[in-house]
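The block underneath contains the structure these notes are about, expressed in structure tokens.
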Amino acid sequence: MQNFKWFLVILVVILLGACTNDSEVDVEGEESSTSEKTGDVVVGFDQDLSTIDPHGTNDVIGIQVRRHLFQTLVARNPDMSHKAGLASEWSQVDETTWNFKLVEDVTFHNGSAFTAEDVKASLERVVDPSVGAPTQFLFEMIEEIGIVNDHELNIITRYPFAPLPDNLAHTAGSIMSKESIDADYEQALEQAGSDVNLDEYYELRDEGGDDFTALSDEISAFTSEHISANPDGTNYVKFKARAPGQNIELERFDDFAGDSLIDNLTFVIIPESGSMMAELESGGINITTPVDMAMFDRINNSANTELVESDSLRTNYLGFNTESEPFNDVKVRQAISSAIDREAIKSGIYDGKAEIPNSLVSKSAFGNSEALPELSQDMDLAKQALSESAYPEGFNATIWVNDSQDLVDTAVYIQEQLRELNINIEVEQYEMATFLERLGNGQHDMFLLSFTASTGDADYLLSSLTLGSNEGFGGNRAFYKNDEVDAGLEAARSATDDETRVTEYENLHSILMEELPYVPLVHPNMTLAYNTDQLEGVELDAAGYIRLENATFK
């Protein structure tokens, strides 16, 4: 009997072997033919981000990093259309109520399960004055977040707000674990020396009033420290390490609810564009964005690099401190706008890869202007406007820029062009964190900056830059105040039909192009370059964000 059993075993092995061919054998040390290759991605930036906290700043570099760590309720495809994020579906129940069904079986990097409580905690934090998020205006219309169950909630707004799904797709709507948010507040309370515990803090926040305002002021300097050091999201990579000014290292999150081919994602800081290109060609980095325009020919002529372009939601602009002389004089602002040769900036700095604006909002965004003409240089009009100002003989002033080379070059162009008006400009350059801090404090004359309407809706850009309540660190660095603009923005965002919204935006564009707290310069094309020996399928969207969903390793 024993011999018969062994005979059966041997027969089964022989039969199984007969049904197998070499193509189905997974040899140890080699990948299965049906599996896709995984690997590491290194991205080169020309400057560092300020903070990893999604509510800390609204800079492009910060968003580029955060969107790989965190997820939002609503996500976007590379063509900027909506798709499911941490919400599997959503619907508008009535004019002010939105229902969201959440994805189940999602885990945070710290191992906790994702629920509606995390959504509520995240969206309440972004509008908490103790945090001071520059993007709080994106969610200030939310009146209540009602939890139905662990995986369903309702968001109730104070007034009808059509762009809510667009705003929820912004990285300011990143969902963090309630555990990490609680820990951040607890650390802030402790560092501030407060005897208020976490539950008491939340109670005071719900009540509002003077007691909460005083406590908020006490802890505001310490909020964000825990989250910046321990970011806790649900996306495909988790935080590993950061060396400020050098790199940020992210590693595979094994419990990610989706699919990813990326083992490690690293962002390195390389300020000099020639060094950046050398690293890209040698494979030291795989991707860089944005691309220095001077490097376009080198990329196109290289055998192993490819340039990717997309239409743009970005506006490069010149901003004024409208509270300070001489820029509180609208005629001065009009004179400067008319003196600027945008065609020269487009061809000389952006190699023609840009659009000349007719307003602050590009044609890629909903609510852009179709009626206004493109802005053009008119030196006669510039001289006339300056002669009608309080400074007909000209003046001296400074213009501030950060480390973005295209903006530095633009500042030099503007410096040259304004000399014809006897406006003598000194260019001052700052690293990003210092730049934003000083702008928020209103210490500037003029400045150059870009803004990407990444929600795809004009409300985001216009509200950030022009709402009186957003002055300073909220994004309105022109310290511009206009009750008519504030009312128009409220009317546009609360309208329930697109036609009404477009009409409101047309009126706003006309006002802003007359008063010019900001002078639109160009809408530069979004650009990215990557090493084709290592990757393929790297994409770029109109917001300028690197898209790796369809990227594969060679």
Side-chain angles (χ1 to χ4, degrees), residues 57-59 132 134 137 315-340 360 375 381-402 404 407-408 410-451 461-486 489 508 511-521:
T57 62
N58 196 28
D59 61 296
F137 70 93
T315 303
N316 287 10
Y317 62 87
L318 171 66
F320 304 99
N321 187 339
T322 62
E323 289 188 331
S324 298
E325 296 181 357
F327 305 106
N328 57 349
D329 188 330
V330 67
K331 288 296 182 179
V332 168
R333 303 196 298 266
Q334 290 172 349
I336 289 174
S337 178
S338 295
I340 294 173
L360 284 166
L375 298 172
L381 192 61
K383 291 176 180 178
Q384 178 182 337
L386 193 64
S387 71
E388 296 170 359
S389 76
Y391 307 89
E393 303 303 320
F395 53 85
N396 299 329
T398 58
I399 183 169
W400 289 1
V401 292
N402 58 34
S404 296
L407 296 182
V408 174
T410 301
V412 174
Y413 262 74
I414 292 173
Q415 183 185 47
E416 290 294 323
Q417 290 161 1
L418 294 186
R419 281 180 181 155
E420 193 170 339
L421 297 178
N422 198 33
I423 297 176
N424 302 303
I425 301 298
E426 181 180 352
V427 179
E428 296 183 6
Q429 186 173 346
Y430 299 92
E431 59 87 23
M432 180 62 84
T434 303
F435 180 68
L436 296 177
E437 178 75 18
R438 291 171 65 90
L439 287 177
N441 287 325
Q443 299 170 266
H444 55 286
D445 290 338
M446 298 188 288
F447 66 98
L448 285 177
L449 202 51
S450 62
F451 193 103
L461 183 149
L462 295 179
S463 293
S464 178
L465 295 186
T466 67
L467 266 179
S469 58
N470 283 337
E471 66 176 24
F473 291 101
N476 180 354
R477 300 179 179 94
F479 293 86
Y480 173 69
K481 299 179 184 69
N482 185 312
D483 292 342
E484 187 180 358
V485 169
D486 287 358
L489 285 167
L508 287 168
I511 295 171
L512 293 169
M513 289 301 95
E514 176 70 20
E515 297 206 342
L516 291 169
Y518 306 94
V519 170
L521 299 174

Check: Side-chain donor-acceptor pair under 3.5 Å between Asn476 and Tyr518, yes or no?
Finding: yes
To the nearest 0.5 Å, tell me how far [X] [atom1] sits from [Y] [atom2].
X: Leu386; Y: Ser338; atom1: CG; atom2: OG; answer: 10.5 Å
X: Ile425; Y: Ile336; atom1: CD1; atom2: CD1; answer: 6.0 Å
X: Leu448; Y: Ser404; atom1: CG; atom2: OG; answer: 10.0 Å
X: Gln417; Y: Arg419; atom1: CD; atom2: CZ; answer: 11.0 Å
X: Asn482; Y: Leu512; atom1: CG; atom2: CG; answer: 7.5 Å
X: Glu323; Y: Glu471; atom1: CD; atom2: CD; answer: 5.5 Å

Looking at every heavy atom in both [X] and [Y], which two are closest together, and how far apart are they?
X: Gly472; Y: Arg477; result: O-CG, 3.7 Å
X: Lys331; Y: Ala385; result: CB-O, 3.5 Å
X: Ile511; Y: Tyr480; result: CG2-OH, 4.1 Å
X: Val401; Y: Ala411; result: CG1-CB, 3.8 Å
X: Pro520; Y: Leu375; result: O-CD1, 3.8 Å
X: Ala339; Y: Ala382; result: N-CB, 3.8 Å

Check: Who pairs with Phe320 by ring pair (Phe, Tyr, Trp, His ring centres under 6.0 Å), at least two apart in sequence or on another chain?
Finding: Phe327
Next item on the list: Tell me, please, which residues at least two apart from Tyr413 pass ring pair (Phe, Tyr, Trp, His ring centres under 6.0 Å).
Entry: none
Margin query: Determine whether the aromatic ring centres of residues Trp400 and Tyr430 are separated by less than 6.0 angstrom.
Written below: yes
Does the side chain of [Y] come within less than 4.5 Å of [X]'s, by heavy atoms?
X: Ile414; Y: Met446; answer: no
X: Phe451; Y: Asn58; answer: yes
X: Leu436; Y: Asn402; answer: no
X: Glu426; Y: Gln415; answer: no

Next item on the list: Please report the C-alpha distance between Phe395 and Ile423 in whole Å, then the side-chain angles of each, then the deciding distance to 0.1 Å, and finally whether the side-chain contact (heavy atoms from CB on, under 4.5 Å) criterion is met.
Entry: CA-CA 5 Å; Phe395 53 85; Ile423 297 176; 3.6 Å; yes
[X] side-chain N/O to [Y] backbone N/O, donor-acceptor pair under 3.5 Å:
X: Asn422; Y: Glu393; value: yes
X: Ser324; Y: Asp445; value: no
X: His444; Y: Gly319; value: no

Next item on the list: Check each of Leu407, Thr410, Val519 against Asn316 using the side-chain contact (heavy atoms from CB on, under 4.5 Å) test, and report the only one that passes.
Entry: Leu407
Next item on the list: Show the numbers, then the answer: is there a side-chain contact (heavy atoms from CB on, under 4.5 Å) between Val330 and Glu514?
Entry: CA-CA 8 Å; Val330 67; Glu514 176 70 20; 5.9 Å; no
Next item on the list: Evaluate the criterion side-chain contact (heavy atoms from CB on, under 4.5 Å) for residue pair Glu437 and Phe473; output intermediate values, then yes/no.
Entry: CA-CA 8 Å; Glu437 178 75 18; Phe473 291 101; 3.9 Å; yes
Next item on the list: Determine, step by step, whether Arg333 and Glu515 satisfy the salt bridge (charged side-chain N to carboxylate O under 4.0 Å, His left out) criterion, reporting the C-alpha distance in whole Å, the side-chain angles of both residues, the deciding distance to 0.1 Å, and the verdict.
Entry: CA-CA 8 Å; Arg333 303 196 298 266; Glu515 297 206 342; 5.1 Å; no
Next item on the list: Could you please spell out the steps behind the side-chain contact (heavy atoms from CB on, under 4.5 Å) verdict for Thr315 and Leu461?
Entry: CA-CA 9 Å; Thr315 303; Leu461 183 149; 4.0 Å; yes
